[in-house]
Amino acid sequence: MNWNRVLAAIAGLYVLCVALLVLAPQTVVVGAGVLAVFCVVGCVAGLRAARIPGSGARARRAWRAIAAVFVLQAVVMTIFVFPGSDQSFPGPADGVRVVIVGVLLFAAYSFPLSSITPLERRKAVLDVLTVMVAGVMVVWYLVVGPSVGAQTRLLVTAAVYPVLDLLLVLGFTRLLMRGTVAAGKWPVTLLLAGVAGQLGIDVWTGYLAARTGAGAHDAIWEIVGIITVIALMAAAAVERCRRPEVNDSRRERCLVRGNFPYASIIAAYALMIVAAVRERTLFPWSGLTVGGIGITLLVILRQITLQRESEHAASTDGLTGLPNRSRLRELLVQALERDARDGRSTAVLLLDMNDFKQVNDTRGHKAGDQLLAGFARILRDAILGADSAGRLGGDEFAVVLHDIGSEGNAEAVARRIAAGTAEPIMIDGIPVRASASIGIALSGPGEMTADELMHRADVAMYHAKRRGGDTRWACYADTMGGDDEPSLEDELRIAVSSGQLRLVFQPIVGLPDEELAGIEALARWEHPRLGLLEAREFISLAEQIGMIEELGRWVLREACTYARRWPQLPLHVNVSARQLEADTFSTEVRDIVRATGLNPGQLVLEVTESQLIADEVPSAHLRILSDEGIRIALDDFGTGYSSLKNLTHLPIDMLKLDRVFVATLDASAEGAAVATAVLRLGRVLGMDTVAEGVETAAQARELTLLGCGKAQGHYFARPLPAAEIDERIAAWSDNRYGRTLRA
């Protein structure tokens, strides 16, 4: 059965019937016929709703009870239209109506409620009682009050129906506030509207009975009211059949709760104003009523403001101000639903920050928080107004792209994020570069759920992270994560033995003449699938899988072997923390130097500041190697634990100014101040200074003016193969060109 058409038919038939009754009151039989149609439709739909899979025994009983209500209502209608029937108030039909109220109460309290917290339960009770009190005020003013002093039979008759109806309103309001997946939001809303309409009819009937002592049932307005009530209840059963899916109960509750208590307060005060004007008691009750309304409205506005603040706090990450995980998922679900209706595509970007743990561990949680907040600003600037960025937790973020169109458009957003990370984030006056691995997943209209899309983005992000380096991204493909694809860990384990690793050398030049003053050995991995990978893309992985010592020995041996061709140039080799922690490190270095025949004074080992604070083992290794004539350089100086104790008690020969300070020389007085301080410190302690990451001529000039002795960076030369180093040394020696190293 097409329930959409049935619902439309109910609406059309209702409008037609009401128009006929209003324009031609003598067509009461037409109203009875339409009422019979609504009863049949409601009974059939109620029985069908009881058979919806997954409803549960209690829900099935509730819908059967609602179906029975339509049968009983048909009995009441038959009594009214039967020739010669007693239509007095109260009459024979009123007994059946009492049974109808009982059956509806059974249905309202049979539906299973969604589980909620104790606080939510208390709030729901207070909301329901607010609605109930407002209803009691209406019944008291219109029915019970005027009946005081009247006949006992008339008083009971006038008051009993509104009181029973109030119980029904209480039951269905409770159901609406608490929510139930067995009924759904709109069916319960229609049922509540129906019983509220019945309350209005019975209040008015009781009012007339109390005022006039008459109780006729044949008024046109009453027939219209009854048809409206039955039409609403039939529409509720049809709506349940039209949408048989089981929805998220918490989401259902959030959509409907909160408005009825305020509406009830407004209705109660409106009644007080009517009473004050009608009874002509302008003093004191009208003024007091208006004052009470003003105070209540202010309290309501204050509560609404606090509620919005609470909802905002519950859905927002306190550190970054971005939506949190739960809110971002809601936004993704909404985007998927909206785009499915409009035939559009939705994309998710899942981002995991690189090296966040290192910043957090070496510089403290405060610095880590500043880095996260700075990265959040980069995301805000990179997305459009219709899109949403959020923090999932830790250093993981996500971006929801609405109506994205294609993967190319999603990659454009990733490209903007990467461009944003090119600018360093200032942390306590020190610039720090942020980067992230980005996974991109795209869903066509209605293709997948939010969880499926997030999973695909997570798979793609993992592949992007395996590539390492600065901000990079990968789009999801069905081939990702296949069983036949070897892991990067397994491939790295065989990279050394299979000859996939090689060395490149970046020149270090003297300032200001830019003559060759040294070389730094850098590892590269010729990956068979991913292409040429830089050291930062696999060194951390080598540390994780315990290969860093083997890899470090290979790099040192190869570098020393090559360096014998350039005896006039110092050879710089980076050393990882794991290598320094090994008990045999200093012994292995001396053995390699002797085996390759390298002059120990030619070798410079670069270590970072954070590697020198763990324990005394690294210090002992450095002293042993220094005694051999090997020099020690403190790499990335200024970004770790800058302790003068390390500089004065350890055999450090050279300071390497970190690239983040060099990057600020063009436009930042603070950057120049830090660079000046480091260079002066080096001169005072008798150490060489090397500036890293020189990218522009302006930076080179500034470093020269500050008195920096040496520098390296892409402005002078990129990392080069050994053969090109040979050529440049020959050219420099022959003095055939002035600036021989300019790339």
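Every value quoted in this text rests on a predicted model; they were computed, and no experiment measured them.
- Salt bridge status for Lys656 with Glu520: present, with a side-chain N to carboxylate O gap under 4.0 Å.
- Between the side chain of Gln506 and the backbone N or O of Ala717, at least one donor-acceptor pair lies under 3.5 Å.
- The pair Arg325-Asp317 fails the salt-bridge criterion, with no side-chain N (NZ, NE, NH1 or NH2) lying under 4.0 Å from an Asp/Glu carboxylate O.
- Put simply, the side chain of Arg433 gets close to the backbone of Thr421: a donor and an acceptor are under 3.5 Å apart.
- At a threshold of 4.5 Å between non-hydrogen side-chain atoms, the residues Leu350 and Met454 count as touching.
- A heavy-atom distance below 4.5 Å is not found between the side chains of Met353 and Glu396.
- Taken to the nearest 0.5 Å, the CZ atom of Arg377 stands 11.0 Å off from the CG atom of Leu372.
- Here Lys710 does not pair with Glu692 in a salt bridge; the nearest charged N to carboxylate O distance is not below 4.0 Å.
- At a threshold of 4.5 Å between non-hydrogen side-chain atoms, the residues Trp554 and Leu501 count as touching.
- In this structure, Asn574 and Asp635 have side chains that are in contact, with non-hydrogen atoms separated by less than 4.5 Å.
- Counting heavy atoms from C-beta outward, Arg524 and Pro719 have side chains that approach closer than 4.5 Å.
- A salt bridge is absent between Glu549 and Arg578: the closest approach of a Lys/Arg side-chain nitrogen to an acidic carboxylate oxygen does not fall below 4.0 angstrom.
- Between Ile632 and Leu650 there is no side-chain heavy-atom pair separated by less than 4.5 Å.
- For the pair Trp566 and Asp726, the minimum side-chain heavy-atom distance is below 4.5 Å.
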